[in-house]
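Computed from heavy atoms alone, side chains included, the values below leave out hydrogens, waters and symmetry copies. Each chain gets a letter, A, B and so on, in the order the sequences are listed, and its residues count up from 1.
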Amino acid sequence: MRRHGAALVIFGAAALAPLVVRNAFLLDSLILILLWGTLSAAWNVAGGYAGQVSLGHAAFFGIGAYSAALLGTRWDLSPWIALVVGALLSTAASLVIGYLSNRLRGPYFVLATIAFSQVLLIVASRWRGFTQGSEGIPVPFRPGFWTLGFADKTTWVYLALGVALLLYLIQRYLEGSRIGYQLAAVREDEDAAQALGVASRRLKVVAIAGSAALTSVCGTFWAQYVGFVDPFYVFSLDLSVRFALAAIIGGIGTAVGPFFGSVLITTLETYLRATFGGIGAGLVGIYLIIYGCLLIIVVRVIPQGLAGFVGGLSRRP
Amino acid sequence: MHDIPQLLISTVLLGGIYALIAVGLTLIFGIMRVVNFAHGEFLMLGMYLAFWAFTLIAMDPYLVLLPAIPLFFLAGLATYALVMRGVIHASHNVQIFTTVGLSLALQNVALVLWTGDFRFIRPWYYSTVVRLGDTAFNVSQIAAFAVAMAFTAALFAFMRWSYTGRVMRATAQDREAASLMGIDADRVYAFTWAIGIVCVGIAGVLLAPLYPVYPTAGLQFVLLAYVVVVLGGLGDMVGALLGSLIVAAVEVVGSYVFGTAWKEVLYFLLFIAILLIRPAGLFGQRGAESLGV
């Protein structure tokens with residue numbers, strides 16, 4: 001149980017909160033913390049465990065969000081179908097990035113992922129006939145489980161918690177399984193891993209595809225929860241950076257890191273939004289200044305992230 | 001057919017400004033082996049410098065260039081000392097996230113200080129158009145092009161013939177050997193970073209009268225600069241110049257044929273195609289991309 005300690009605290013608190021908290025704002029914050037944490041965890045599968053750092057993951061988030069919006073409004077299909085369609089489309093799209101990951105390393109790969117998400121941003125914001133262009137699309141709210149429309153926040157908390165737990169367990173699996181060890185080998189020294197017979201090329205493609213599909217699933221949930229899809233938000237570089245940010249600050253390549261990072265980042269963000277929203281909206285940017293600086297410090301001083309740092313302290317006798 | 005001279009001139013004018021942004025980026029990469037993901041934010045700061053100088057003390061953007069050079073040089077030295085020095089020997093990912101963090105911080109400093117509003121500079125020559133034969137172009141565009149080209153040429157000459165330029169190139173070629181010859185690599189990196197920042201800051205000042213000024217204004221230009229720099233081969237200054245012309249041509253011809261809405265798709269597709277077919281760039285060294293150097 002000890003190695004799950006931090007995760008138990010976070011997920012346990014999230015599970016108990018709706019029993020005592022009735023405040024819609026606090027529940028909303030909780031849902032967002034879980035959702036952003038899950039997204040960072042999905043990023044972590046490729047960026048942390050496989051070492052394929054992408055700044056284009058917003059592409060898959062956007063595909064998931066647009067699947068919900070377009071299938072819901074145009075063909076009146078259930079978000080659950082959109083979830084599967086989005087995940088399949090993202091997996092297909094991720095093959096492009098996966099292929100590139102086998103040809104490019106370091107900054108070249110990062111630049112390619114940025115370009116990839118920018119292409120989707122432009123297509124989504126300019127293809128007016130299909131996506132309604134830069135206006136964005138409202139996602140219809142239809143109450144019921146099959147249509148993923150829940151008026152009360154409590155249901156959303158447990159749904160988000162379920163997805164978060166799933167991602168946590170997937171990451172845990174990656175830490176102790178054969179495929180996880182192989183990924184770590186590829187991440188640390190790809191040539192050596194290949195020499196030992198690890199199918200590094202295929203592994204990277206699989207890790208990126210899995211990461212993309214999970215990101216897309218979260219995108220669908222997010223679109224259903226928020227109810228509106230704006231191309232300049234869902235495909236933005238800011239969003240891709242955000243996925244990476246929480247994972248790195250929390251602890252890249254650790255299972256609890258992305259959730260820990262999300263607790264810190266999302267809490268400060270929602271607090272500033274609530275305090276300075278409306279007239280001083282610009283002041284909300286303070287949290288990103290803090291996190292920009294924190295990112296610079298963390299990658300240099302404690303590359304294992306805050307979760308690893310705190311964990312290291314507590315383990316000392 | 002009579003549109004061709006106009007397209008040609010638009011391409012060259014646009015390419016000149018892109019070149020100044022890209023040259024700074026490629027210089028930093030060529031010598032320090034760091035891709036500066038905060039490059040666009042210094043462009044944005046240049047735009048804001050021009051905007052505030054114009055709004056507060058009615059200073060013409062082209063006069064702002066004079067104080068801008070030392071200001072951005074100092075800003076470059078400061079960010080190097082505070083942020084970059086510690087990661088110069090670190091892994092790619094650490095360097096990438098350090099500059100991404102810098103970008104995030106600078107972008108939001110601008111947002112907090114000056115809000116997200118679009119701001120514009122309207123000097124008296126704002127809508128002055130020069131006509132030459134069948135072609136017409138904005139006078140600010142010509143001025144920006146001329147200054148950008150003068151700067152780029154000066155930088156080329158500096159890198160080629162000055163002693164410091166040779167020292168910088170020597171460090172880029174072989175850090176160890178350069179250190180053994182008594183070159184202080186840290187000073188070279190600080191200087192390189194500062195020069196790169198000056199280039200992009202100046203480009204920002206020049207672009208301010210032409211484009212709206214807002215906290216994320218740097219993004220669209222820097223994305224372009226990445227395309228240019230990869231096209232020309234990361235670290236290759238002549239390549240950056242040619243790459244700028246190619247990207248400008250794609251943009252100008254693309255908007256002429258397909259309309260302005262789709263031009264960006266063209267150069268991003270060009271970018272991905274280049275990465276797939278010849279990732280070291282048109283003029284770059286083969287194999288550089290798979291080493292990540």
A:N44 side-chain N/O to A:S40 backbone N/O, donor-acceptor pair under 3.5 Å: no

Please check if the number of heavy atoms outside B:R85 that lie under 6.0 Å from its CZ is greater than 12. yes

Would you say CZ of A:R201 has more than 12 non-hydrogen atoms from neighbouring residues, nucleotides or ligands within 6.0 angstrom? no

Can a side-chain donor-acceptor contact be found between B:Y18 and B:E251 if the only test is distance below 3.5 angstrom? yes

May I ask you to check whether A:Y287 and A:Y271 place their ring centres under 6.0 Å from each other? no

If you take the centroid of each ring, where Trp contributes its six-membered ring, are B:F268 and B:Y226 closer together than 6.0 Å? no

Name the member of A:V299, A:L294, A:I296 that forms the most heavy-atom pairs with chain B at distances under 4.5 Å. A:I296

Given that the side chain runs from C-beta out, which part of [X] has a heavy atom under 4.5 Å from chain B: side chain, backbone, both or neither?
X      : answer
A:L111 : both
A:V298 : neither
A:L100 : side chain
A:Y99  : side chain
A:I290 : neither
A:L121 : neither

For A:R300 against B:V87, the heavy-atom pair lying closest together: NE-CG1, 3.9 Å

Heavy-atom cut-off 4.5 Å, strictly under: side chain, backbone, both or neither for [X] against chain A?
X      : answer
B:L266 : neither
B:Q107 : side chain
B:F97  : both
B:L102 : both

Scored by heavy-atom pairs under 4.5 Å with chain A, the best of B:T98, B:L269, B:L219, B:T99 is B:T98

Assert top hit (heavy-atom pairs under 4.5 Å, partner chain A, pool B:T216, B:V109, B:V227, B:V35) equals B:V109

Using the side-chain hydrogen bond (donor to acceptor under 3.5 Å, both in side chains) definition, which of the options A:S240, A:S117, A:S216, A:S211 pairs with A:H57? A:S211

Check the angle between the aromatic planes of B:H89 and B:Y189 and answer parallel, tilted or perpendicular using the 30° and 60° thresholds. perpendicular

